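First listed ligand is number 1; within each ligand, the first listed atom is number 1. Just so it is clear, the model here is predicted, and its values are computed rather than measured.
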Amino acid sequence: MTLSERLTEALNEQIGHEMGASMQYIAIATYFDGQTLPELARFFYRQADEERDHAMRFVQFLLDVDAPVRIPEIPAPKNEFDSAEEAVGLSLEWEKTVTQQIYDLVELAEGDANLIAVRFLDWFVNEQLEEVSTMSDLLSLVRRAGEAGLLHVEEYLAREGMPTDAAD
Ligand code: FEO
């Protein structure tokens with residue numbers, strides 16, 4: 001199975017986007033750590049691990065199809081935040097952007113009639129639905145609690161874990 005140069009390039013770029021997300025979530029986790037909000041910090045450290053796993057899925061796929069792995073340059077994440085809402089809002093925007101990147105990859109793979117790549121990307125299509133939904137729920141929680149009420153979010157996360165079931 002060979003990949004077109006365009007698809008190889010785009011899949012390698014996605015390694016950078018996923019690693020960029022991982023670094024961004026570490027930066028956000030440290031922001032919450034600094035605010036003594038350990039559950040929010042834990043949530044983002046865990047998200048950072050997930051993003052690294054996503055990057056490694058792309059690495060493994062490229063290896064599996066004998067395509068070159070070329071880890072791209074990764075821009076520095078944003079490190080300063082004025083509020084929890086800003087930090088979580090950035091995360092939601094990031095997930096929406098990644099969703100579009102995955103859709104673009106699917107389009108490329110379909111254009112190449114590369115069915116193995118389309119199937120590989122299927123997992124990410126579903127994952128992005130979950131990630132956007134989770135981040136959107138978390139943003140709703142943070143907005144509802146307000147900056148002064150973030151301990152309610154902490155309690156919620158300690159009790160419920162990921163806010164995927166939170167009502168909007
Ligand atoms: Fe790997 Fe959250 O996108």
Backbone or side chain, does E95 get an N/O/S atom under 2.8 Å to atom 2 (Fe) of ligand 1?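 Here the distance criterion (N, O or S atom, under 2.8 Å) is met by E95, so yes.
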Name of the E131 N, O or S atom nearest atom 2 (Fe) of ligand 1?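 So the atom name we want here is OE1.
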Relative to each other, are the rings of F32 and F44 parallel, tilted or perpendicular (30° and 60° limits)?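 Rings of F32 and F44: parallel, under 30°.
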Under 3.5 Å, is there a donor-acceptor pair between the Q47 and E51 side chains?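 Per modelled atom types, Q47 and E51 side chains form no pair under 3.5 Å.
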When you check the gap from the basic side-chain N to the acidic O, do E9 and R6 get nearer than 4.0 Å?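 Salt bridge: no.
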Would you check, one step at a time, whether the test salt bridge (charged side-chain N to carboxylate O under 4.0 Å, His left out) holds for E127 with R57? CA-CA 12 Å; E127 176 70 5; R57 280 177 184 255; over 6 Å; no
How is the N/O/S atom of [X] that comes nearest to atom 1 (Fe) of ligand 1 named?
X: E18; answer: OE1
X: E51; answer: OE1
X: H54; answer: ND1

Dump the intermediate steps for side chain to side chain donor-acceptor pair (under 3.5 Å) on E130 and N126, then the final yes or no. CA-CA 7 Å; E130 188 190 308; N126 290 327; over 6 Å; no
